[in-house]
Amino acid sequence: MEQTVERKKRIFSGMQPSGELTLGNYLGALKNWIKLQDEYDCMYSIMNMHAITVRQDPAELRKRSLEVLMQYIACGIDPEKSILYFQSHVSAHAELAWILSCNTQMGELSRMTQFKDKSKKHADNINAGLFTYPVLMAADILLYQADLVPVGHDQLQHIELTRDVANRFNFHYGETFTVPEPYIGKTGARVMSLQSPENKMSKSDPNPNGYIWLLDPEEVIIKKFKRAVTDSDTEIRAGEDKPGITNLLTIYAAVTGKTVEEAEKEFSGFGYGNFKQAVGEAVAAELTPVREKFAQLQSDKAYVEDIYKKGAETAAKIASKTLRKVYKKVGFVAW
Ligand code: TRP
């Protein structure tokens, strides 16, 4: 009997190792990535080439890149199921980025809101890489013929550009790239600062009480939640007029897999103090195994090295297939 082997759809995503990972990264992205591993062919990379579009301390970047990889694994990205690697280990990213940059317009790149924001923030270093950042991102995705790209809302414009560039290339040179779609997960919770819930939880928050670091110890997590800002009301419900409480309910729901409505019911009649304690405990319970696994990985350098080397090898094989095809299409002499 004939068997049709259907290729699983491919997922590609990554994060820049430009800061510490927070509960926001975990609930907004990583938890989704983990769930996708069974259903899809997943590749998760550490985007260290993107990171240097803003000034980085080299020793810090190296250390943080390894830590981000270990945090991916500690959270539950399984190297047996997913391909894990550093972007800089696969030279095809830079090579394809060049070809794509010759198929991307200055005008398109000038419209990118992230470029405009970052130019304001780093006015002393508006380098060409910062401008062509989205082209490198398109190369990341198109190299692997990814079908879906799990990203946050802030990256949708870059995915749209990737699609435009892919379509344009396919039109001029013939069918070459899979045109990817963004994937916005159902539980892609938007986690806000515990101190200023109108802002996204971020590692660049000057007040460390605003964010939960993925590796914060249990007592620190609980203390930070106890200090979380609420309001002068006493009611535990979600609503635009209650950003602090809404954020805590969202976090609790995302961690426990419940809905916000279920969380509201569970805490009805609770005082804010007990509510915050309960959310803190739930988060601590979720992150304790992550912290433990991270510590274990830190003491097993050889295992970690083996993962990213194998990951790069597998990624490079897939990437070189696409790159060869692209070189041929644009008219480079075969070698
Ligand atoms: N720009 C993304 C961010 O800052 C990181 C990134 C780089 C990425 N290349 C990617 C995400 C490819 C998804 C796919 O979040």
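Whatever order the structure lists them in is the order used to number ligands and atoms, beginning at 1.
Centroid-to-centroid, the aromatic rings of Tyr308 and Phe86 come within less than 6.0 Å.
Contacts of Gln87 with ligand 1, taken as heavy-atom pairs under 4.0 Å, are absent altogether. Counting heavy atoms closer than 4.0 Å to ligand 1, residue Val149 contributes side-chain atoms (C-beta onward) but none from N, CA, C or O. Looking at Ile141 against ligand 1, only its side chain comes within 4.0 Å, counting heavy atoms.
Residue Phe12 has at least one heavy-atom neighbour below 4.0 Å for each of these atoms of ligand 1: 12 (C), 14 (C). Counting the atoms of ligand 1 from 1 in the order shown, those under 4.0 Å from a heavy atom of His50 are 7 (C), 9 (N). Short contacts between ligand 1 and Gln16, defined as distances under 4.0 Å to a heavy atom of the residue, involve ligand atoms 4 (O).
Residue Asp140 has at least one N or O atom closer than 3.5 Å to an N or O atom of ligand 1. For the pair Tyr133 and ligand 1, the shortest N or O to N or O distance falls below 3.5 Å. The shortest N or O to N or O distance between Gln114 and ligand 1 is not below 3.5 Å.
Between the side chains of Tyr272 and Asp231, a donor-acceptor pair is found at a separation under 3.5 Å.
Among protein heavy atoms, the minimum distance from atom 6 (C) of ligand 1 is reached at Met47 CG, 3.7 Å. In this structure, the protein non-hydrogen atom closest to atom 11 (C) of ligand 1 is Gly14 O, 3.5 Å.
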Can you check side chain to side chain contact (heavy atoms under 4.5 Å, CB included) on Leu194 and Ile212, steps first, answer last?
CA-CA 9 Å; Leu194 299 181; Ile212 302 292; 3.9 Å; yes
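Classification of the Tyr72-Trp33 ring pair by plane angle, with boundaries at 30° and 60°, yields perpendicular.
For the pair Glu305 and Lys301, the salt-bridge criterion is not met [side-chain N within less than 4.0 Å of a carboxylate O].
Residue Met15 places no heavy atom under 4.0 Å from ligand 1.
The shortest distance between side-chain heavy atoms of Tyr327 and Ile99 falls below 4.5 Å.
Residue Lys203 places its NZ atom among more than 12 non-hydrogen atoms of other residues, nucleotides or ligands, all under 6.0 Å distant.
Of the candidates Tyr40, Tyr144, Tyr44, Phe12 forms a ring-ring contact (aromatic ring centres under 6.0 Å, His included) with just one, namely Tyr144.
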